[in-house]
Q: 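This is the structure I want to talk about, given as structure tokens.
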Amino acid sequence: MAKTAITPTRNQDFAEWYQQVIIAADLAENSPVRGCMVIKPYGYAIWENIQRIFDAKIKKLGVENAYFPLLIPLEFLSKEAEHIDGFAKECAVITHHRLKKGPDGKLVPDGELQSPYIIRPTSEAIIGNVISKWINTYRDLPLKLNQWCNVMRWEMRPRMFLRTSEFLWQEGHTVFETESEAREDALKMLNTYYDFMTQELALPAIKGEKTPEERFPGAKNTYTLETMTQDGKALQAGTSHYLGQSFSNAFNIKFLGRDNAQHTAYTTSWGISTRLIGGIIMTHADDDGLVLPPAIAPHQVVIIPLIHDASTANQINAYCADVQQALENLDIRTHIDATENSAPNKIWKWIKKGAPIRLEIGLKEVSESKLTLGRRDKPKPEKTFLTLKQLNEIPIILKQIEDTLRQRSIVTRDCCIQAVNSINHLDELFNRDFKGWAVMNKDLTDTPVFAEIAQKYSLSRRCIPQEGYPQNSVFIAKSY
RNA sequence: CGGGGUGUAGCGUAGCCUGGUAUCGCGCUUGCUUUGGGAGCAAGAGGCCGGAGGUUCGAAUCCUCUCACCCCGACCA
């Protein structure tokens, strides 16, 4: 058995393996504040790539970025009844606006606010309040806004990237004249997420709709992208909501229509978050650490100079610089690891950090004008040799790596989806410690006996798939 | 909020029962030899033993209080 870079392995202890992958790749660390994490430069670079790619996609759809405040007047939240029910339990509340020295010299809150603020758990409320003033006539519609920001939901059990109290996300908010336009938009954003996840991120996402108990508080319909992790659980990787007139009613989003009468607008909202990074880890990483889809890898190619003695250092470094320049001309993000670590350490470091391609360049490569290439989607010892002229094949290889990750994750997912035809069957399946999703007729799950089984195994209805499964199916799984 | 744990160097730990100079590994620093599958040797630096109080000649160790974190449930992108 070869030594793995990460201990424990996925089979030994999946939860611990996940933490170790993050540490080994230097993505993030826990902070002094429970539930909040420090995203380190390498992890943040992944998020920046996610932002850059997705931001371009929504701008093509006519969405504009804006920024709304972190703090929301407490009373705003209470304007939408379901919304408050959903979020009240996890809101951080600002009650004071300064500190003073207490009797024992310690700082204590002072200056109690007459009306407290909450830290946004999502921004429907404040955006609804603000844009109601922006919208007067049908000519002001549609309005398509997005913001990249942080939000806070006080979580009981945080896990880095997958569930943190503070997280980074984008939240899109759109407003339309008609129900059909808003419904169409919610589905369009679902598809936009689907394309992003399945293409650039190579995630095996399944499109579907949430059952009522899993809906966003205040939504009429919640659409979701569920992906399967390597331990067979489900992860909600993105959501798009058709909000109907719930928030328009609550925040008075009205407009003068083409018929010269007042109408209530229809809204949507949709989001993806830093949870995606957790999803990428849980989907693609292996017992040697992170494996990054090339589209979002901070460095798509890492050049590792192998310098044995000072006399050849200059030639090797010059060769590396030339290769880097050539790759950058091909728009490939390329990094030279010029650290003084030993060669094996550098190689292992970039395996653990999930670089899609490693180029090992030593005297041999220089003298023979070739490249020795290690692919992260292949076993460690397996190497590819290219001539210098074949450099322009590297974009193709990056695409192949992305394809491998996508295919591999789809196969893993499909192997772990089990059709069941009765509640008894479901019970039997999870009683045998099944690691995966069950798919069954939804009507069978609208029953008290299903609720009992769901409770017994911590299962929930993940989504009603939009395509690829029989009508009226629903996925049942454990989830993150 | 229930149930179970843990706090000793940057990280991981031994010591605690039975009080007496702070243990080991990794990492770090310096030097030499190494480097294409996780290097070796040598010499170093680094600690209010989570915090407060108490018992004692003497506390990491015993007693009381307190704080923090982790794991399992309920909640969630």
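Residue numbers begin at 1 in each chain, while the letters A, B, ... track the order of the sequences.
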Q: Can you tell me how far P in B:G37 sits from the matching atom in B:U13, rounded to whole Å?
A: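 Rounded to whole Å, the distance is 33 Å.
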Q: Taking atom C1' of B:C11 as reference, at what distance in whole Å does atom CD of A:Gln20 sit?
A: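 About 10 Å, once rounded to whole Å.
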Q: Please table the atom pairs, donor to acceptor, closer than 3.5 Å between any side-chain atom in residues 88-95 of chain A and protein atoms at least two apart or in another chain.
A:
{"unit_1": "A:Lys89", "atom_1": "NZ", "unit_2": "A:Asp85", "atom_2": "O", "d": "3.4"}

Q: Base, sugar-phosphate or nothing for A:Gly271? Non-hydrogen atoms, less than 4.0 Å.
A: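 Here A:Gly271 touches no strand at all.
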Q: Can you check the distance between B:U61 and B:G54, where both ends of the measurement are the P atom (answer in whole Å)?
A: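 It works out to 14 Å between them.
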Q: Just the rounded figure in Å: distance from C1' of B:A74 to NZ of A:Lys89.
A: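 The distance from NZ of A:Lys89 to C1' of B:A74 comes to 11 Å, rounded to the nearest Å.
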Q: If you measure from the C1' atom in B:A59 to the same atom in B:U18, how many Å do you get, rounded?
A: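 It comes out at 14 Å once rounded to the nearest Å.
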Q: Counting side-chain heavy atoms from C-beta on, which of B:G38, B:A77, B:A74 comes nearest to A:Ser273?
A: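 Among the listed nucleotides, the one closest to the side chain of A:Ser273 is B:A77.
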Q: Between the base of B:G36 and the side chain of A:Glu365, is there a donor and acceptor pair under 3.5 angstrom?
A: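 When only heavy-atom distances are counted, A:Glu365 does reach the base of B:G36 through a donor-acceptor pair under 3.5 Å.
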Q: Go through it in stages, so that I can follow the logic: the residues are A:Lys352 and A:Asp288, the test is salt bridge (Lys or Arg N to Asp or Glu O under 4.0 Å), and I'd like the CA-CA distance, side-chain angles, deciding distance and then a yes or no.
A: CA-CA 6 Å; A:Lys352 288 186 282 195; A:Asp288 286 327; over 6 Å; no
Q: Measure from the side chain of A:Arg159, starting at C-beta and using heavy atoms only, and say which of B:C76, B:C72, B:U35 lies closest.
A: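 It is B:C72.
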Q: Do the side chains of A:Arg406 and A:Glu200 get close enough for a salt bridge, i.e. N-O under 4.0 angstrom?
A: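 A:Glu200 and A:Arg406: not salt-bridged.
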Q: Is there, by distance only and without an angle test, a donor paired with an acceptor across the side chain of A:Arg163 and the base of B:C76 below 3.5 Å?
A: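 Per atom types, the contact qualifies.
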Q: Give the rounded distance in Å between these two atoms: CD1 of A:Ile277 and P of B:A77.
A: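 Checked: the CD1 to P distance equals 18 Å.
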Q: Between A:Trp348 and A:Glu213, who's closer to the 5' end of RNA chain B by nearest nucleotide?
A: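 This one resolves to A:Trp348.
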Q: Under 4.0 Å between a side-chain N/O of A:Asn345 and OP1 or OP2 of B:A39, yes or no?
A: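 Indeed, a polar side-chain atom of A:Asn345 lies that close.
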Q: What's the gap between B:U23 and B:G15 when it is taken at their C1' atoms, as a whole Å value?
A: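 Per the computed distance, 7 Å lies between those C1' atoms.
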Q: Salt bridge check, A:Glu365 against A:Lys370: does any charged N sit closer than 4.0 Å to a carboxylate O?
A: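 Looking at A:Glu365 together with A:Lys370, the answer is no, because their closest N to O distance does not fall below 4.0 Å.
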Q: Sticking with atom P, work out how far B:G58 lies from B:G40, rounded to a whole angstrom.
A: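 The same atom, P, in both gives a distance of 47 Å.
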Q: Could you say whether A:Glu382 or A:Ser479 is positioned toward the 5' end of RNA chain B, judged by the nucleotide with the nearest heavy atom to each?
A: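 Counting from the 5' end, the first nearest nucleotide belongs to A:Glu382.
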Q: Among B:G37, B:G38, B:G36, which is the nearest nucleotide to the side chain of A:Lys352?
A: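 Nearest listed nucleotide: B:G38.
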Q: In terms of side-chain heavy atoms of A:Glu90, which of B:G36, B:C76, B:A77 is nearest?
A: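 Looking only at side-chain atoms, A:Glu90 lies closest to B:C76.
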Q: Could you check which of B:G37, B:A77, B:C72 has an atom nearest any side-chain atom of A:Lys380?
A: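 Selected nucleotide: B:G37.
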Q: Does A:Trp270 have its ring centroid less than 6.0 Å away from the ring centroid of A:His173?
A: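 Between A:Trp270 and A:His173, the centre distance exceeds or equals 6.0 Å.
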